[in-house]
Peer 1: 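There's a structure below that I have some questions on.
Numbers restart at 1 for each chain; the letters A, B, ... are given by sequence-line order, proteins then strands. Just so you know, these numbers come straight off a predicted model, no measurement behind them.
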There are 2 protein chains.
Amino acid sequence: MSRPRRIPHATVARLPEYLRILVELAHSQHDTVSSGRLADLGGFNAAKVRKDLSYLGSYGTRGVGYDVLGLLDEVREALGLTAARGVVVVGAGNLGRALANYSGFEERGFPVLALVDADVDKVGTRVGQLEVRHADELPALVIELGLRIGVIAVPSATAQDAADRLVSAGLKALLNFAPSHVSAPPKVAMRRVDLARELQVLSFYEHQLGTSAPGEPAR
Amino acid sequence: MSRPRRIPHATVARLPEYLRILVELAHSQHDTVSSGRLADLGGFNAAKVRKDLSYLGSYGTRGVGYDVLGLLDEVREALGLTAARGVVVVGAGNLGRALANYSGFEERGFPVLALVDADVDKVGTRVGQLEVRHADELPALVIELGLRIGVIAVPSATAQDAADRLVSAGLKALLNFAPSHVSAPPKVAMRRVDLARELQVLSFYEHQLGTSAPGEPAR
DNA sequence: GACTGTGAAGTAGTTCACAGCT
DNA sequence: AGCTGTGAACTACTTCACAGTC
């Protein structure tokens, strides 16, 4: 009930899932929810849910459950989602254009406000609402549009360069879609999504038919 | 050096990364590689690399390192990547079309051979090389094209339905891009990628400026 | 001397089980 | 009675440290 400081990474990785579930519960007019119900909806275990929420200094009520709206605020607050966070996509190839168009980002509070590329032939072309800008404009765009998160959607060979540009333009959070390891200063938060990797992991478990794949990643 | 049975999930999740690095090393004519070098290239620690590879019954040579081509085969074999694995994408919306077009899948051995949708208005339209087929044709397509993996790219509300269709069409490996929890029989390998979730996790670490985000997920 | 393979120690994450509130 | 919050036990993963091989 007090508010302990350090939230373990495994818990942080589940917060977006709690958020999603709580948004749905709020829509369907539920005002309280128990850890058991949250566990069912998210595919977790009830004890884990309670422990996770306890790190937020959650306000559950014994005998009753958690207040949906209150908890929703707590989770949003913990994730730092109190204001929309503008995203810039670097790389206007296939993947970059798709990401810039993907409505799921805007819906969840991450509007894609800019799309840049280093290739002058691509600069000026339109992708949905956006016009492709030159990568050199990054520092100006970051300031002008208040960008917070950079998405790297360039080929592996230039991913490190894209990351460096984003960091020197002042961004502190990067999501890398290129299938290669990119390094950044320790103050910069960095995650990677490798779509083909997911298929390879699936391939492993399908291959080993019978061995069921564990649920979802943590860390 | 013997070949112990159960590969821990955290190790499985890193195998694709080793694979990628080994492919690059092979291209650049390296014939051996040490655990330390692999660790550098992947952003790991050398002891972890050695332990991971030991689960494959790896053939490292003390004093020398690992044979690049031999290890490449071992990893490919462990991942079950000895033959190409056909993929079907369910959902021809924004995301589904982008995934069907994404060249990274084919490049890594997962050709997208079919794209289906339940909406008759979308059936017959073209996306890259593919013509959108009706979701009812799934069981036939699975047999005809030898599909192995299903990718779910429909809205949350219909994700469970899409999963059920894929499972009853005989697929044993599903990748879910919808931001909701989907259940499947235990024999079916199932993973989820939630793009907005990654941004939310980044938001957390950016918010808590100074707390550096740990590297990459395992499990 | 360089580098692997692996027990053992250390750390993180999960689950149990129950005391404590409503 | 129902459900939270949390120490304690357990399980998984990582890292150390060193014996063993080339």
Side-chain angles (χ1 to χ4, degrees), chain A residues 1-15 17-18 25 30-68 70-71 74 201 211-219, chain B residues 1-15 17-18 25 30-68 70-71 74 201 211-219:
Chain A
M1 185 175 267
S2 65
R3 191 186 270 259
R5 271 1 52 177
R6 182 92 184 183
I7 305 182
H9 178 79
T11 296
V12 172
R14 282 187 293 269
L15 291 179
E17 192 62 14
Y18 294 125
L25 288 170
H30 291 76
D31 48 351
T32 64
V33 63
S34 67
S35 59
R37 182 99 182 91
L38 281 172
D40 284 352
L41 294 169
F44 309 125
N45 139 321
K48 190 190 274 182
V49 170
R50 291 198 299 278
K51 188 141 279 191
D52 281 345
L53 299 184
S54 77
Y55 292 114
L56 305 182
S58 71
Y59 286 89
T61 309
R62 294 169 197 231
V64 179
Y66 299 87
D67 176 63
V68 171
L71 190 53
E74 292 266 352
V201 172
T211 310
S212 67
E216 247 250 290
R219 170 149 308 199
Chain B
M1 182 172 267
S2 64
R3 190 186 271 260
R5 279 348 65 171
R6 182 90 185 186
I7 305 183
H9 178 79
T11 296
V12 172
R14 281 187 295 269
L15 291 179
E17 193 61 15
Y18 294 126
L25 288 170
H30 291 76
D31 49 352
T32 64
V33 64
S34 67
S35 59
R37 182 101 182 87
L38 282 171
D40 283 351
L41 294 169
F44 308 125
N45 139 322
K48 190 191 274 183
V49 171
R50 291 197 299 277
K51 187 141 281 190
D52 282 345
L53 299 183
S54 76
Y55 291 115
L56 305 182
S58 70
Y59 287 88
T61 309
R62 292 169 198 233
V64 179
Y66 299 88
D67 175 62
V68 171
L71 190 53
E74 292 265 352
V201 172
T211 311
S212 67
E216 248 251 290
R219 172 147 306 202

Peer 1: Given axes from five pairs at either end, by how many degrees does the helix from C/dG1-D/dC22 to C/dT22-D/dA1 bend, rounded to 10°?
Peer 2: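 Inter-axis angle at the ends, rounded: 0°.
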
Peer 1: Going by ring pair (Phe, Tyr, Trp, His ring centres under 6.0 Å), name the residues that satisfy it together with B/Tyr18, two or more places apart in sequence or in a different chain.
Peer 2: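 Ring pair (Phe, Tyr, Trp, His ring centres under 6.0 Å) check on B/Tyr18 returns B/Phe44.
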
Peer 1: Could you tell me which non-hydrogen atom of A/Ala46 sits nearest to which non-hydrogen atom of A/Ala39, and how far apart they are?
Peer 2: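 That would be N-CB, 3.6 Å.
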
Peer 1: Please report, rounded to the nearest Å, how far the P atom of D/dC3 is from the NZ atom of A/Lys51.
Peer 2: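 Nearest whole value for this atom pair: 20 Å.
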
Peer 1: As a test of reading the structure: which of D/dT14, C/dT4, C/dT14 is closest to the side chain of B/Arg14, going by heavy atoms?
Peer 2: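 Comparing D/dT14, C/dT4, C/dT14 against the side chain of B/Arg14, the answer is D/dT14.
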
Peer 1: Please confirm whether the shortest side-chain N or O distance from A/Tyr59 to OP1 or OP2 of C/dT22 is below 4.0 Å.
Peer 2: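 No, outside the criterion.
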
Peer 1: Can you list every salt bridge (charged side-chain N to carboxylate O under 4.0 Å, His left out) pair that touches residues 38-53 of chain A, not counting sequence neighbours?
Peer 2: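 Every salt bridge (charged side-chain N to carboxylate O under 4.0 Å, His left out) pair that includes a residue of residues 38-53 of chain A, provided the two are not neighbours, is A/Arg14-A/Asp52.
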
Peer 1: Among D/dC16, C/dT4, D/dG5, which is the nearest nucleotide to the side chain of B/Ser34?
Peer 2: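 Of the options given, the side chain of B/Ser34 lies nearest C/dT4.
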
Peer 1: To check you understand the geometry: which heavy-atom pair defines the closest contact between A/Gly60 and A/Tyr66, and what is its length?
Peer 2: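 Where A/Gly60 meets A/Tyr66 most closely, the heavy atoms are CA-CD2, 3.4 Å.
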
Peer 1: Could you state the interatomic distance from CG (B/Leu71) to CG (B/Leu38), rounded to the nearest 0.5 Å?
Peer 2: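 Reported to 0.5 Å precision, the distance equals 7.0 Å.
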
Peer 1: With a 4.5 Å heavy-atom cut-off, do A/Thr61 and A/Thr32 have their side chains touching?
Peer 2: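 A side-chain contact under 4.5 Å is absent here.
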
Peer 1: Would you mind reading off the distance between B/Leu56 atom CG and C/dT6 atom P, rounded to a whole angstrom?
Peer 2: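 Answer to the nearest Å: 12 Å.
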
Peer 1: B/Asp52 has an atom CG; how far is it from atom P of C/dT4, in whole Å?
Peer 2: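 Checked: the CG to P distance equals 13 Å.
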
Peer 1: Tell me which residues in residues 35-44 of chain B put a heavy atom below 4.0 Å from DNA chain C, sorted by number, or none.
Peer 2: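 B/Ser35, in order of number.
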
Peer 1: Provide, to the nearest angstrom, the distance between the OH atom belonging to A/Tyr66 and the C1' atom belonging to D/dC3.
Peer 2: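 Distance, rounded to whole Å: 9 Å.
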
Peer 1: With 3.5 Å as the limit, what N/O pairs link the protein to nucleotides 18-22 of chain D?
Peer 2:
from, atom 1, to, atom 2, distance (Å)
D/dG20, N3, B/Arg62, NH1, 3.2
D/dC22, O4', B/Arg62, O, 3.2

Peer 1: Grab the CG-C1' distance between B/Leu71 and C/dT4 for me, whole Å please.
Peer 2: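 So the CG-C1' distance, B/Leu71 to C/dT4, works out to 12 Å.
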
Peer 1: Starting from C1' on C/dT4, measure out to CG on B/Leu53 and report it in whole angstrom.
Peer 2: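 It works out to 10 Å between those atoms.
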
Peer 1: Separation of A/Asn45 atom CG from D/dT11 atom P, in whole Å?
Peer 2: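 One finds 14 Å between P of D/dT11 and CG of A/Asn45, rounded.
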
Peer 1: Would you name the heavy atoms of B/Glu74 and B/Leu56 that are closest together and state the gap between them?
Peer 2: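 Closest pair (atom of B/Glu74, atom of B/Leu56, distance): OE1-O, 3.1 Å.
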
Peer 1: Nearest whole angstrom, please: distance from the C1' of D/dA12 to the CZ of B/Arg6.
Peer 2: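 Spelled out: CZ on B/Arg6 to C1' on D/dA12 is 12 Å.
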
Peer 1: Output all residues satisfying side-chain hydrogen bond (donor to acceptor under 3.5 Å, both in side chains) with A/Arg37, sequence neighbours left out; order by chain, then residue number.
Peer 2: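 side-chain hydrogen bond (donor to acceptor under 3.5 Å, both in side chains) list for A/Arg37, sorted by chain: empty.
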
Peer 1: Side chain of A/Lys48 only, please: which of D/dC13, D/dT6, C/dT15 is the nearest?
Peer 2: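 Closest of the options to the side chain of A/Lys48: C/dT15.
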
